[in-house]
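Scroll down for the structure; my scribbles are underneath it.
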Amino acid sequence: MNITDNFYSLATPGVQRLVPYTPGKPIEELERELGLSDIVKLASNENPLGPSPMALAAIHASLPDLARYPDGNGFKLKRALAEKFSVEMSQITLGNGSNEILELLARAFLTPAHEVIFSQHAFAVYPIVTQAVGATGVVIPARAYGHDLDAMLAAVNDKTRLVFIANPNNPTGTLLASDELRRFIAALPSHVLCVLDEAYYEFIDPKSRADSIAWLVDHPNLIVTRTFSKAYGLAGLRVGYSFSNPGIADFLNRVRQPFNNNMLALAAAEAALADHEHLQRTIAINNDGMQQLIDGFRQLGLEWIPSAGNFVSVDVKRSGEGVYQALLQKGVIVRPVANYEMPDYLRISIGTPAENSRCLEALQAALADV
């Protein structure tokens, strides 16, 4: 037995079977591999406008204090979130991105005796955090690339402890109707925690948004997670948060690492939350860019999944990996989603008008090459 085999035997069974999450290819990596410049990255659902100017100013103002530990409780950011969303500070948990909140939930509430329900084509982190703690993931076949809530409810049993629902879903962009989602949550037994992942909430048409935070009063087993990585443009600082019953938040904070949010992230998130103009500009450029990409797909004879997020998955009618590789050669990074059981699709983030145009031109050429 070599030393690598020995490490394998030392790992827990759940971790032994894990496949690491693969992020979108960084621009710097493509520059190194192909020697390209002027690269367009539309792979990771990032904000093409960048961070709020107010967030950047807050970061700059915090720099002299970097020798100090941050506020481990995130008091000022929690206070701002509580005021904006009319909740108590005791209902808020801060995470190093909303991904960490998902992991905290698994660590706090799952054991190998438990099952976790999530949809086919749903966010890859759900099975990762489930398997890492040895729990059993129950994958429910999708309906029209989205969540089949009736089938998910039918799968609930005495072993079920968590249900993950992404709304909008990533990578498909599908959105559940508010009344349908509310009925599902109300039908769950009290021993099942429902995690409503709203990472792309700000991009939803206001007329279609679920008033999920208000539901917490009637559904103490509901956890709503959101993030500053997408609409607020702070992906590089990793700030997420959740709203829940104070009892759930208490347990999440018991397993949360001290100082899990750094000082610059806390300051930037608080400032970004107050910059309503930047958020509205972000939403506007996203709406326009979504239409720009859809119009381009239509001209190319391609079909797509209608999306409520800041990305869209398009059926390229051939190997998505092959088209992805052809696009890389042209300096355009998108996201292949074969690992989501969508081998003929690419997920494309909404960029600036110029980036969207560049992507569509490269896509036309790539389709001819593959």
Side-chain angles (χ1 to χ4, degrees), residues 51-52 54-55 58-59 62 69-110 123 125 129 162-167 181 185 193-204 209-235 237-276 279:
S52 152
M54 291 172 59
I59 291 170
S62 300
Y69 282 101
D71 176 2
N73 292 317
F75 176 85
K76 294 177 68 177
L77 178 55
K78 282 185 178 179
R79 181 178 61 187
L81 287 166
E83 291 175 354
K84 181 176 178 66
F85 295 106
S86 300
V87 299
E88 299 297 323
M89 290 176 63
S90 61
Q91 295 179 264
I92 300 171
T93 305
L94 299 179
N96 190 244
S98 58
N99 277 17
E100 188 187 26
I101 304 290
L102 306 180
E103 183 178 2
L104 295 178
L105 286 161
R107 291 176 57 202
F109 294 106
L110 296 179
F123 187 32
V125 168
V129 299
L162 285 179
V163 176
F164 285 115
I165 296 178
N167 202 45
L181 184 56
I185 296 169
L193 303 179
C194 182
V195 184
L196 184 56
D197 182 351
E198 294 186 332
Y200 301 93
Y201 179 83
E202 292 83 4
F203 296 107
I204 304 172
R209 288 177 184 167
D211 192 9
S212 53
I213 296 174
W215 299 348
L216 292 168
V217 175
D218 297 322
H219 304 291
N221 57 334
L222 173 64
I223 303 100
V224 178
T225 66
R226 295 184 184 174
T227 184
F228 285 92
S229 294
K230 308 304 182 184
Y232 289 100
L234 297 179
L237 286 179
R238 315 301 300 123
V239 191
Y241 56 99
S242 66
F243 302 118
S244 66
N245 180 278
I248 291 176
D250 174 52
F251 281 108
L252 295 181
N253 280 304
R254 295 185 191 195
V255 295
R256 179 180 62 85
Q257 291 294 311
F259 314 115
N260 62 326
N261 292 113
N262 69 70
M263 180 186 297
L264 303 184
L266 291 170
E270 182 188 359
L273 197 66
D275 194 341
H276 307 295
L279 179 60

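Just so it is clear, the model here is predicted, and its values are computed rather than measured.
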Is [Y] close to [X] at the side-chain level, that is, under 4.5 Å between some pair of heavy atoms?
{"X": "H219", "Y": "C194", "value": "no"}
{"X": "T93", "Y": "I223", "value": "no"}
{"X": "D71", "Y": "K76", "value": "no"}
{"X": "V224", "Y": "W215", "value": "no"}
{"X": "F85", "Y": "R226", "value": "yes"}

Original post:
Just checking, any donor-acceptor pair under 3.5 angstrom between side chains of S229 and R238?
Top reply: yes
Of the non-hydrogen atoms in [X] and [Y], which two are nearest, and what is the gap between them?
{"X": "L222", "Y": "S212", "answer": "CD2-O, 3.8 Å"}
{"X": "P220", "Y": "N245", "answer": "O-CB, 3.5 Å"}
{"X": "S90", "Y": "A249", "answer": "O-CB, 3.3 Å"}
{"X": "T225", "Y": "D197", "answer": "OG1-CA, 3.2 Å"}
{"X": "K78", "Y": "I92", "answer": "O-CD1, 3.4 Å"}

Any chance you could measure [X], atom [atom1], to [Y], atom [atom2], to the nearest 0.5 Å?
{"X": "L234", "Y": "T227", "atom1": "CG", "atom2": "OG1", "value": "8.5 Å"}
{"X": "Q91", "Y": "I213", "atom1": "CD", "atom2": "CD1", "value": "9.5 Å"}
{"X": "I185", "Y": "L193", "atom1": "CD1", "atom2": "CG", "value": "12.0 Å"}
{"X": "I101", "Y": "S244", "atom1": "CD1", "atom2": "OG", "value": "9.0 Å"}
{"X": "F228", "Y": "L77", "atom1": "CZ", "atom2": "CG", "value": "5.0 Å"}

**OP:** Could you give me the CA-CA distance, side-chain angles and deciding distance for L105 and L252, then say whether side chain to side chain contact (heavy atoms under 4.5 Å, CB included) is met?
**Re:** CA-CA 7 Å; L105 286 161; L252 295 181; 3.7 Å; yes
**OP:** Look at the aromatic rings of Y241 and F243 and report parallel, tilted or perpendicular, splitting at 30° and 60°.
**Re:** perpendicular
Original post:
Does Y201 have R209 sitting over its ring (NZ/CZ under 6.0 Å from centre, angle to axis within 45°)?
Top reply: yes
Pair up each side-chain donor or acceptor in residues 254-268 with any protein partner under 3.5 Å, not counting sequence neighbours, and list the distances.
residue : atom : partner : partner atom : Å
R254    : NE   : D250    : OD2          : 3.2
R254    : NH2  : D250    : OD2          : 2.7
R256    : NE   : N253    : OD1          : 2.7
R256    : NH1  : G72     : O            : 3.1
R256    : NH1  : N260    : OD1          : 2.9
R256    : NH2  : G72     : O            : 3.3
R256    : NH2  : N253    : OD1          : 3.4
N260    : ND2  : L94     : O            : 3.0
N260    : ND2  : E100    : OE1          : 2.9
N261    : ND2  : G95     : O            : 2.8
N262    : OD1  : L264    : N            : 3.0
N262    : OD1  : A265    : N            : 2.8

**OP:** Measure from the ring center of F164 to the ring center of F123 and say whether it is less than 6.0 Å.
**Re:** no
Original post:
Taking only residues two or more places apart in sequence or in another chain, which ones pass side chain to side chain donor-acceptor pair (under 3.5 Å) with E202?
Top reply: none
**OP:** Starting from the C-alpha separation in whole Å, work towards a yes-or-no answer on side chain to side chain contact (heavy atoms under 4.5 Å, CB included) for L181 and L196.
**Re:** CA-CA 10 Å; L181 184 56; L196 184 56; 3.8 Å; yes
